[in-house]
Amino acid sequence: MRVFKFGGASVKDANGVKNVLNVLEKTGFSNLVIVISAMGKTTNALELIVELYTNNSKELKISLRDLEIYHNEILEALFENKQHPVFKKIEGLLLDMQTTLDRNKSTQYDYIYDQIVPYGELISTTIVSEYLNHKGYQNTWLDARDFIKTDTAYRDAEVDWQTTQHLILEKVNKNSLSVTQGFIGSDENNFTTTLGREGSDYTAGILAYCLNADSVSIWKDVPGVLNADPRVFDKTQLLSHISYEEAIELAFYGASVIHPKTIQPLQRKEIPLYVKSFLNPVDQGTSVKKGQPLDPHLPCYIVKKNQVLVSLSSLDFSFIVENNISEIFSLFHQYHIKVDLIQNSAISFSVCLDDKFDHFEKLLGKLKAKFRVTYNTNVSLFTIRHFTNEAITSLEKNKDILLKQITRETYQMVSRD
């Protein structure tokens, strides 16, 4: 059996949903689990709703109404009969979301986030599942919260693999067509959790691992894995083949085409991953498998924007040694801040941080109590895998460089935006 994952760009409107059917007609419907993200920019819209709710903003009702209008327009373009049951189902999900907001007693932002934002996936999968049924392709809609079980680390939950595998084997039929959500799960109390932003790829990897799938295909609006983001770099090239190890490296450094956690469960069982274009589903795309060399072998460019560069030194100018570094990393872990680059000398320690949960200001107070701190916000971290001198020279041109570092295969540079 196979696992397909369609991201938000692939189902951003009615034509996108119709194209999912086109992809399935060209690649086959049998023995398939389809993982689907929220439609278009719905996750962004729901994050705004959470923000407005927590700030008790009068704009909340407008945003809720805009969300309803957006999905109703897609429904009306897909279903000629407005009496189709899907209209009531989507209305019910939106009402459930409103009720969740009305009844919420928690002030914990991450918890509220995880109870509201996943409605994007619940709505999108309901629409796609009903559309496929409407067109004669019978499928089963599955609630991922019934089988992806996690801890209570809201917005970045860890999977309980043993329980999850047992439930997936119990609830997912490998011999039929199923539609389910990416990104979401639930904890032991059945509160909704999320696996981290862009976690739908990871869901596909979890399902493939637990079901011993033959392959995973991620359908994107690009031809496959490119050697750079075409929105940032010119003259990008398709990578036809890469290894699991290379895919993990690219994902770790920030390549957005594959979620960082996706590769690990696939690698354990040597399940091939294909990254392909939903616009041209019969094209080859990129295959990710064990041991295959990077093809073509050329520099791969990655950029992560909105980073924070922090430099720490001891208040008495003593050495920054192991116990200091251990304390610093403990704080990073406590505030859920990801470290993307490290550089240290005898009396200073510099890190480039990804503050994806906006916790840096809280962290800063803790750091200043123990260290002398300087920092730059809104910096960009550039990475070149398999760099050449020519690639480095070209990248550094006209940039205000704050820090750079070179290892055997990887060049990294932090520059001011």
Smallest separation among heavy atoms of [X] and [Y], with atom names:
X: K5; Y: S200; result: CE-CB, 3.5 Å
X: S287; Y: Q292; result: O-NE2, 2.7 Å
X: A157; Y: L195; result: O-CD2, 4.0 Å
X: L381; Y: C352; result: CB-SG, 4.1 Å
X: L169; Y: C210; result: CD2-O, 3.4 Å
X: Y244; Y: I271; result: OH-O, 2.7 Å

Among [options], which residue meets the side-chain contact (heavy atoms from CB on, under 4.5 Å) test with [X]?
X: E121; options: I36, T43, V35; result: T43
X: Y70; options: N72, I74, D66; result: I74
X: V117; options: V50, T194, T192; result: V50
X: I384; options: I406, I392, N227; result: I392

Between the side chain of [X] and the main-chain N/O of [Y], is any donor-acceptor distance below 3.5 Å?
X: T410; Y: T407; answer: no
X: N139; Y: S129; answer: yes
X: N173; Y: N175; answer: yes
X: T27; Y: V23; answer: yes
X: S394; Y: A391; answer: no
X: T99; Y: L95; answer: yes
X: Q307; Y: S380; answer: no
X: S186; Y: R145; answer: yes
X: E68; Y: L64; answer: no
X: S311; Y: S350; answer: no

Check your understanding: Does the pair L24 and L32 meet the rule for a side-chain contact (heavy atoms from CB on, under 4.5 Å), with working shown?
Key -> CA-CA 10 Å; L24 298 181; L32 179 64; 3.6 Å; yes
Any non-hydrogen side-chain atom of [X] less than 4.5 Å from a side-chain atom of [Y]?
X: D143; Y: L122; result: yes
X: N104; Y: L101; result: no
X: E76; Y: K82; result: yes
X: M97; Y: I116; result: yes
X: T180; Y: I34; result: no
X: Q181; Y: P118; result: no
X: L250; Y: E246; result: yes
X: F191; Y: Y154; result: yes

If you draw a 6.0 Å radius around [atom1] in [X], do more than 12 non-hydrogen atoms from other residues or ligands fall strictly inside?
X: D102; atom1: CG; value: yes
X: N189; atom1: CG; value: yes
X: Q162; atom1: CD; value: no
X: K290; atom1: NZ; value: no
X: K89; atom1: NZ; value: no

For the [atom1] atom of [X] and the [atom2] atom of [Y], what is their distance to the nearest 0.5 Å?
X: Y411; Y: L395; atom1: OH; atom2: CG; result: 5.5 Å
X: F332; Y: I325; atom1: CZ; atom2: CD1; result: 10.5 Å
X: S176; Y: N31; atom1: OG; atom2: CG; result: 8.0 Å
X: E249; Y: L294; atom1: CD; atom2: CG; result: 12.0 Å
X: F382; Y: I302; atom1: CZ; atom2: CD1; result: 12.0 Å
X: I127; Y: L132; atom1: CD1; atom2: CG; result: 12.0 Å

Point to revise | Passing option when K304 is tested against D229, D355, D340 for salt bridge (charged side-chain N to carboxylate O under 4.0 Å, His left out) | key: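 By the salt bridge (charged side-chain N to carboxylate O under 4.0 Å, His left out) criterion, K304 pairs with just one of D229, D355, D340: D340.
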**Study point:** Derivation of the side-chain contact (heavy atoms from CB on, under 4.5 Å) call for W141 and E130
**Key:** CA-CA 9 Å; W141 182 89; E130 290 290 339; over 6 Å; no
Review point. Run the side-chain contact (heavy atoms from CB on, under 4.5 Å) check on Y375 and L353 step by step: do they pass?
Key: CA-CA 10 Å; Y375 65 94; L353 304 174; over 6 Å; no
Carboxylate-amine/guanidinium proximity below 4.0 Å for [X] and [Y]:
X: D354; Y: K356; value: no
X: E158; Y: K261; value: yes
X: D400; Y: R416; value: yes
X: D110; Y: R155; value: yes
X: E396; Y: K399; value: no

Review point. Going by atom types alone, do Q412 and Y253 pair a side-chain donor with an acceptor below 3.5 Å?
Key: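 No pair is found: no donor N or O on one side chain lies under 3.5 Å from an acceptor on the other.
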**Study point:** Trace of the side-chain contact (heavy atoms from CB on, under 4.5 Å) decision for V86 with Y131
**Key:** CA-CA 9 Å; V86 69; Y131 180 72; over 6 Å; no
Review point. Is K338 positioned over the aromatic face of F252, cation under 6.0 angstrom from the ring centre and no more than 45 degrees off axis?
Key: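 Satisfied, under 6.0 Å and within 45°.
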Exercise for review: Return the orientation label for the F6 and F4 ring planes: parallel under 30°, perpendicular over 60°, tilted otherwise.
Suggested key: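 Aromatic pair F6/F4 classed perpendicular.
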Review point. Quick one: which of T150, D151, D114 gives a side chain to side chain donor-acceptor pair (under 3.5 Å) with T193?
Key: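 Among the candidates, only T150 passes.
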